[in-house]
Amino acid sequence: MSNQIAPQNHVFYRNQNWHYPKIAYGKGIFLYDDEGNAYIDGCSGSAVANLGHGNSEIAEHAKKQIETIAYTHLSRWTSDPIENCARQIAELTPGDLNHVYFVSGGSEATETAIKMARQFFTEKNPDTSKWKIISKKHSFHGNTLGALSLTGIVDRRSIYDPLLINFPKIPQFYHYRNQWNCQTLYETSVKAAEALEEEILFHGPENIAGFITEPIVGSAAPGIYPDPIYFKMVREICDQYNILLIVDEVMSGFGRTGKMFAIEHFDVVPDLLCIAKGMSSGYTPIGAVVASDKVFNRIMIDGSGQFKHGHTYGGNPLSCSVASKAMEILVRDHIVENAALQGHYLMNKLKTLSTLEMVGDIRGLGLMIGMEFVEDKKTKKSFDTKVKMSTEVTLACFDEGLVVYPGGGSFKGILGDHILIAPPLNITEDEIDQLFEKLSRAIKKVNAIFGGENE
Ligand SMILES: Cc1ncc(COP(=O)(O)O)c(C=O)c1O
């Protein structure tokens, strides 16, 4: 597969053993390197570039905003861009999620949610023992220390473990590898929700401030989602034990799953919603926590009136203005509806690959789709970690001119290989055909080497 040559310059990259092609420019769903090679961005970076690359409408809008005012500090100033951006988000988010606290990315959003949940309880009782946030074993909520404390992926945590907060972890609604031998997604979802109640009772509800979950999982086990019973039960459990429900839509938000927010597939309203990525479609770093009336009122109206938190770039006019434009285009051009349509079309095509020996599971909603690879389809045995199967598939795709997002750790913490397929949401049917041809050729090539005969 592709050559891996260490880069030689002053950049501290993530991986010194990876050959980084140099990007020249991007247009629509395509990326072009400086040697003239074209790649389909089959994962929108990391499910970020929902509107594709090189959008000149956003570029012109950003230029005007920079000339007007690019930066002010949120603790001193308000401005039209931040007020408009917050209003649009409040209009797009479900229920009474009406209050937007701006940050600069996904990890800042989940960290902020932890602190907001804690302050929600200290406002009423400064001596409250409620502080723990329950999260999932198969989850990713970011790489800063608070966010990593919520994260379940073993490989991302392991060397930092001594620095992390010991938050409780419960099993995911991971039907393909469910630990209860459930035969249906419904049963798995019920068991996974019951696990939340068990964990709350184990620690004592008086010590739990919140429960955080992705509605559809991103990098930890891409594309898995529960039956609607899960969120119905989880909402009831959180209410019963006075625990805030925090939904992390950093990856799934803004149309990725064929609805504006993935939680709308399940018809519940969380207390806090974490957003980033698709919020600006990657045209500027931005994120937010959207608080319900209940949380906002407790802290800001009936309580101290001050949220003890903040970052320098949170709520800067430039980022808010760019995000506003991206959201305007998302709605105006019916991009969310397109994601649903093209997601369905792509999923039907992908299912034809499920006969290949190494393709264990294909799942997802809209254009947030995961493929999991196994050595043995019947037993679901994973490949040895030495094989680095998700890297093999990623490199084979790269050779075909397709970028996908690899991952691992979905089985027993360290085993398991998968890829995330998440192209820009304005992709056309013809472009889906091109993406599928490339992916299909790449997977068949790898399957011929590691998975036995192609069927
Ligand atoms: C669900 C989820 N939460 C949080 C994050 C962290 O976001 P960031 O990388 O912007 O800090 C990610 C990133 O992939 C994510 O997918």
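Counting starts at 1 for both ligands and their atoms, following the listed order.
For atom 11 (O) of ligand 1, the closest non-hydrogen atom on the protein side is S107 OG, 2.5 Å. Closest protein heavy atom to atom 7 (O) of ligand 1: G106 CA, 3.1 Å.
Under a 4.0 Å criterion applied to the non-hydrogen atoms of K277, ligand 1 contributes the atoms 12 (C), 13 (C), 14 (O), 16 (O). Of all atoms in ligand 1, listed by their number and element, those nearer than 4.0 Å to a heavy atom of D248 are 1 (C), 2 (C), 3 (N), 4 (C). Near E214, meaning under 4.0 Å from any of its heavy atoms, are these atoms of ligand 1: 1 (C). Set against the non-hydrogen atoms of V250, the atoms of ligand 1 under 4.0 Å away are 2 (C), 3 (N), 4 (C), 5 (C), 7 (O), 12 (C), 15 (C).
Residue contacts with ligand 1 do not include E108, since none of its heavy atoms lies under 4.0 Å from the ligand.
To the nearest 0.5 Å, atom CD1 of residue I170 and atom CZ of residue F173 are 10.0 Å apart.
Remark: K380 is positioned above the aromatic ring of Y176, its terminal NZ or CZ atom under 6.0 angstrom from the ring centre and at most 45 degrees off the axis.
When only modelled atom types and interatomic distance are considered, H265 and T257 share a side-chain donor-acceptor pair under 3.5 Å.
Taking distance alone, with nitrogen or oxygen atoms compared against 3.5 Å, S219 stays at or beyond that limit from ligand 1.
Contact annotation: for H141 versus ligand 1, heavy atoms closer than 4.0 Å belong to the backbone alone.
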